[in-house]
2 protein chains.
Amino acid sequence: MFASKGFAGVSLRDIASAADTKAGSLYYHFASKDELVEAVLRHAIEEMHQHVRDAVDAAADEGAAGRLKAAISAHTESVMERTDYAKALLRISSQIPDDVRERHNKHARAYGEYWGQLFNDARDEGAIRVDLDLTLARLLVLGAMNWTVEWPASLWSPESITSTLNKIVFEGIGTDDVDEEAVRALH
Amino acid sequence: MFASKGFAGVSLRDIASAADTKAGSLYYHFASKDELVEAVLRHAIEEMHQHVRDAVDAAADEGAAGRLKAAISAHTESVMERTDYAKALLRISSQIPDDVRERHNKHARAYGEYWGQLFNDARDEGAIRVDLDLTLARLLVLGAMNWTVEWPASLWSPESITSTLNKIVFEGIGTDDVDEEAVRALH
DNA sequence: GTCTATAACTAGATAGAC
DNA sequence: GTCTATCTAGTTATAGAC
């Protein structure tokens, strides 16, 4: 509900009703709407982080570039279909009260640093070109994935999306002129 | 205000106050909050479209790939620093009332089709590899740009961002193994 | 733990003076 | 065109019964 109507656009009555209870009852579990949304965002980031970490661990023996690709697939899955928590996180984290957002950002930083490590490892392995600002590259790639939350009901499977994204991220959309010349030269 | 607090999070009193007027006075100009936000979104999309079109026209003689790069730079500028309208558009267009969003989407489709044309032209020119779903590629690239609206006050200049993004989009972040083998083979 | 009732306030919108 | 005043309905949050 937060994802589709925004933080202020959802009332505690709406939430209570969806949970088959009454607004007053929510106050037994949460002291305020702010605390409720904070719990939602915290759950979202932990769930995403865990899903990505699992995918990365499963690709442990594929090298740093392989692990990064696995992370990209897992994060995209989280955003697109795994859970409404991820969608809410991405859509409302910029429009919640300042103090909630500050606490959330603190909590979310660990996830960002985890991604930083994935990119660093891949570069140290020699899989990423060295003429890029790696932080900027990371933010842009994460942005491409995060924005899928704004897509209408998707026409594509998560697999086709992640495979296309991984191709673009690692190889680009361009026809590699140098490569084609080299290939021609070889024949 | 819509960008930072969401559609429902901003009251007409807030808006009126920022415009040095009173809430009641807004009703002389707009019949409802819905109509007001619809005007904001319409202005935003037209402004963006115009800015990108200007940049593309200025790059008219650079080939389709050059025009696409110019569009990427211009769109990113629009999102990051040109105007609050663009930020509002990107942040709230998914959380406005259904009928407003439907009318807005209709209006926004022209901009999406303009981007489709840019990508098609670049591929027809031979600048984009043919093994990609071009619509998907377009949405992912636009997503990377759009998500910059969620970045905190940027540590990077728009120029460094667009240059990095254009590099990633066209060439990828990967070290091109095939290329290096080919180059070695040539020597 | 959940309920009803309600307090205290704010929302969008309207009416009518100027 | 803008103002003040106000209506109606909805908001978060609390109090107290069960």
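No hydrogens, no waters, no symmetry mates; every other heavy atom, side chains included, goes into these values. Chain identifiers are assigned alphabetically (A, B, ...) following the order of the sequence lines, protein sequences preceding nucleic acid strands; residue numbering begins at 1 within each chain.
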For the side chain of K33(B), counting heavy atoms from C-beta on, which of dG1(D), dG12(C), dC3(D) is nearest?
-> dG12(C)
Considering only heavy side-chain atoms of K22(A), the closest of dA13(D), dT11(D), dC3(C) is dC3(C)
Picking from dT2(C), dA13(D), dG12(C), the nucleotide nearest the side-chain atoms of L12(B) would be dG12(C)
Side chain to side chain, M48(A) and V79(A), heavy atoms closer than 4.5 Å | yes
Record whether the side chain of R13(A) comes under 3.5 Å of the base of dG10(D) through a donor-acceptor pair of N or O atoms.
-> no
Ring geometry between W115(A) and Y111(A) (parallel below 30°, tilted from 30 to 60°, perpendicular above 60°) = perpendicular
Do any side-chain nitrogens or oxygens of T21(A) fall under 4.0 Å of OP1 or OP2 in dC3(C)?
-> yes
R101(A) pairs by side chain to side chain donor-acceptor pair (under 3.5 Å) with which of N105(A), D98(A), D99(A)?
-> D98(A)
Rounded off to whole Å, could you give me the CG-to-C1' distance for the D20(A) and dG1(C) pair?
-> 15 Å
For the side chain of Y28(B), starting at C-beta, report the closest nucleotide among dG1(D), dA13(C), dA13(D).
-> dG1(D)
Rounded to whole Å, OH of Y27(A) lies from P of dG1(C) at a distance of 19 Å
What nucleotide, of dC3(C), dA13(C), dA13(D), holds the atom closest to the side chain of S25(A)?
-> dC3(C)
Gap between atoms CZ and P, on F30(B) and dT14(C) respectively (whole Å) = 15 Å
Quick one: which of dT2(C), dA13(C), dT11(D) gets closest to the side chain of S11(A)?
-> dT11(D)
L26(A) CG to dG1(C) C1': how many Å, rounded?
-> 12 Å
Keeping the roles fixed (side chain from K87(B), backbone from M80(B)), state whether a donor-acceptor pair exists under 3.5 Å.
-> yes
